[in-house]
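Chain letters run A, B, ... following the sequence lines, proteins first, then strands; residues in each count from 1.
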Amino acid sequence: MNDWEEYSAIEAAAAIPLSQQAMGVGNTSYLDGLNPAQLAAVETLDGPVLMLAGAGTGKTKALTTRIVHLLRTGRVRPNEILAVTFTNKAAREMKERVATHLGDAASGMRWMGTFHSLCVKILRRHAELVGLKSNFTILDTDDQIRLLKQLIRADNIDEKRWPARMLAGLIDHWKNRAWTPDQVSAGEDGFDGRGAKYYAQYQARLKTLNAADFGDLLLHVVTIFQNHPDVLEKYQHWFRYIMVDEYQDTNVAQYLGLRLLAQGHRNICCVGDDDQSIYGWRGAEVGNILRFEKDFDNATVIRLEQNYRSTPHILGAASGVIAGNADRLGKTLWTAREDGEKVRLINHRDGEEEARWMGDEIESYQRGTRGLDPYGLDSIAILVRASHQMRAFEDRFLTIGLPYRVIGGPRFYERMEIRDALAYFRVAVSADDALAFERIVNTPKRGIGEKAQQIINQVARNNDVSLFEGARIVARDGGISARARNALGALIEGFDRWRVALQDQDQSHVEVAQIILEESGYTDMWQKDKSPDAAGRLENLKELIKALEEFENLEGFLEHISLIMENDSQDDAQKVTIMTLHGAKGLEFPVVFLPGWEDGLFPSQRSMDESGQRGLEEERRLAYVGITRAEEICTISFTSSRRIFGQWQSAIPSRFVDEIPPKHVEILSAPGVYGGSIAQEPSAIEERVARADAYNSPGWKRMRARQEARTAKTRSAMKDVIDAKVVASFGLGDRVHHAKYGFGAVVGVEGDKLSIVFEGGGAKKVMASFITMADDVSS
DNA sequence: CGGCATTTATTTTTT
DNA sequence: ATAAATGCCG
């Protein structure tokens, strides 16, 4: 169907010829301003190159300059460079930066993009080699789950024991390692053989639907390269130079594909930082970058170690932490900058207090106190380990009216209303998109419930027609309730009408899209919805319609949208950024706050439980990423107790805190933190905690030891301990905690009852067994 | 079929 | 604590 020769001809024609003059051969001014390491990375063009680029060392600059250099020296045409990134954002940025040097030539770089988009491009050309048609649809995670659910249900298996999500994760895991179903069943599966079976069924089903999921995009391309040497060879010749960004994040499938492509000329340049590999949990293999020199003989390794971002103290702190990892290629970041503030460390009573303090702190930065220039809110970020930490900050900032922006969370195209709308468009464009049809057949509610849908499914299968045509038959012949039948008939009629409208030259696809959403009753559904977020959803739908304008037709839009799951709506107002550490990779801020450095939260307990030492090392890299985001001021904080899943947990400082070299740290004491409303004078405990003013001092060590011992005790048999000597353990003035009433101070002891004045207001008599010391676990 | 009650599981996230 | 997902009843 897609003859290679013809294709090559098209590609060649598309290449914008670069006349020597236009390219300015001989003019190498673009090399000015590179440091020696960057220059080496730019000028070492042939053979395998590993560019180890530490945080803030000008990686993107080196990478884009290298591309400019390749093109300017005239050794390659723009479309013969394969340049791969992980995100659309990175691809766009690179393209823009090349364009500032080369103008139009950058648009000739047709093979610069994300792994996924480039694989789609290749796969559309050779789809038949893996049993697909070139117009295959790309499933998102939602579709994937629904499909798997159907398979599990069809098997009459307990859906609880076999959650579709888990199976999806498993299949994803296999695809990340480029395992096809037969390779899985041949090996181990870990799920009594069922996983492999479902995997095979799932792949078969995808083939029938002429669809591929995200993992397939990579896997299929690797399969094609492996099974069709002739095809591989053409691409090996076509891509004369290969560049890979964020190499530490590649998974096995990506690695295999790259290695196959590079086998001939070996002109592959991988850029990355093993210390910033933080996506192991989704299939990234740090091993890929660690092994580079073994994979590619005679590789040139270039280290970018001069940091242009942070102060020496921040770099020192980060280096100290990351030094705790064993599996590293090793780099030593240095900076020409001098002085700067030490990394600041502070302890708080709980998460709310932490948020309160940071809010105040940010406001003082904003005003420019302590002799510093005022910082705009845009230059301040709070980076958390887990997104549930964000809530405390949002709450606090809302009450003090501090503008903030949360990065992350559900992306625009992942929102329910957007997916629903897209499903309508998908059915309108191609009637046999069964998954899309299933999604919207009863959205808004049309009275076409599960049972009716089953009947439609059955009729479609019996007549060997698409789901949509099956629905048409059901609507005509009946078999479901009259009400449902009418609704179904109306829906089908609607789609018939909309399809005609889409063909109509006089009607723009934007208009038709709007008509679809209105006539189907979808916008109506949200207008009638009285939930608080309905208005926002309607706004989103409007935005979606607006986005359509940039495309020729609906088809073009849908093709793009499946791969671009980003929403980068910009917002000019000055706001504090709140995001996860993962989301912050690649970004930088003058002022960075790193809250929640407590063992269990960060490093995450789960990470350590599931992946042991490897998990801990990844968490440590995350700490490294966090610290190195800061340009001037980095503040780390931890709390003494935190509410997790509604339960108060006492916390000990993260082990990473101890790993920061003391000479780079300044301990802050939080003013007013311990002066609770009741305790006019701080209790002995409070005083001791407050005075733990040097974490390398004996006081600090004592506090840690105490907390550790207490936690250990709690985890074993705290309950028994409390019951046994409950009364004896409380004295007048003790700061205590009750699960329902919160914190308070003991004002009286009578037998096994304690009189307590609670901070939340009021004195109460409570059984001692319901009380714990304030910085212990309470329940 | 739809609405309300109960249950259940809660890191990180791109394509 | 809380949200999402499931289960039960009208």
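Between the NZ atom of A:K175 and the C1' atom of B:dT15 there is a distance of 13 Å, rounded to whole Å. Taking atom CG of A:L558 as the reference point, atom P of B:dT15 lies 18 Å away to the nearest angstrom. Atoms CE (A:M390) and P (B:dT12) sit 8 Å apart, rounded to a whole Å. Atom CG in A:L616 sits roughly 19 Å away from atom P in B:dT12 (whole-Å rounding). Rounded to an integer number of Å, the gap from A:H173 NE2 to B:dT13 C1' is 17 Å. As a whole-Å value, the separation of A:W281 CH2 from B:dT15 P is 12 Å. Atom P of nucleotide C:dT6 and atom CD1 of A:I152 are separated by 12 Å, given to the nearest angstrom. In this structure, A:I407 places its CD1 atom 12 Å from P of B:dT13, rounding to the nearest Å.
Between A:F551 and A:F557, the ring-plane angle classifies as perpendicular under the 30° and 60° cut-offs.
Of the possible polar contacts, one joining the A:T223 side chain to the A:L219 backbone as a donor-acceptor pair under 3.5 Å is found.
Using a 5.5 Å limit on the distance between ring centres and a 30° limit on the angle between planes, the aromatic ring of A:F645 counts as stacked on the six-membered base ring of B:dT10.
Look at A:T580 and you'll find a side-chain N or O under 4.0 angstrom from OP1 or OP2 of B:dT13. Within the structure, a side-chain polar atom (N or O) of A:R391 is placed less than 4.0 Å from OP1 or OP2 of C:dT2. Proximity of A:R606 to the phosphate of B:dT11: a side-chain N or O atom is located under 4.0 Å from OP1 or OP2. Side-chain nitrogen and oxygen atoms of A:N88 include at least one within less than 4.0 Å of the OP1 or OP2 phosphate oxygen of B:dT15.
Using P as the reference atom, B:dT12 and C:dA5 are 16 Å apart when rounded to the nearest Å.
Checking B:dT14, B:dT12, B:dT15 against every side-chain atom of A:F214, the shortest atom distance belongs to B:dT15. The side chain of A:K149 sits closest to C:dT6 out of B:dT15, B:dT14, C:dT6. Between B:dG2, C:dA1, B:dT12, one nucleotide has an atom nearer to the side chain of A:A386 than all others, and that is B:dT12. Listed candidates were B:dT15, B:dT11, B:dT13. Nearest to the side chain of A:T141 is B:dT15.
The pair A:R642-A:D350 fails the salt-bridge criterion, with no side-chain N (NZ, NE, NH1 or NH2) lying under 4.0 Å from an Asp/Glu carboxylate O. A salt bridge does not link A:E394 with A:R391: none of the charged nitrogens is closer than 4.0 Å to a carboxylate oxygen.
Comparing A:K451 and A:E618, the nucleotide of DNA chain B nearest to each residue sits closer to the 5' end for A:K451. Annotation: of the two residues near DNA chain B, A:N442 and A:R385, the 5′-most nearest-nucleotide partner is A:N442.
Side-chain contact, A:T639 with A:E354: no donor N or O sits under 3.5 Å from an acceptor N or O.
Using a 4.0 Å heavy-atom cutoff across all strands shown, A:L118 reaches no nucleic acid atom at all. The residue A:E610 sits close to a base: some heavy atom pair falls under 4.0 Å. Note on A:T114: only backbone sugar-phosphate atoms sit closer than 4.0 angstrom, heavy atoms only; bases stay farther off.
Nucleotide B:dT12: unpaired (no Watson-Crick or G-U wobble partner with both distances less than 3.5 Å).
Cation-pi geometry between A:R621 and A:Y624 is not met at under 6.0 angstrom from the ring centre and within 45 degrees of the axis.
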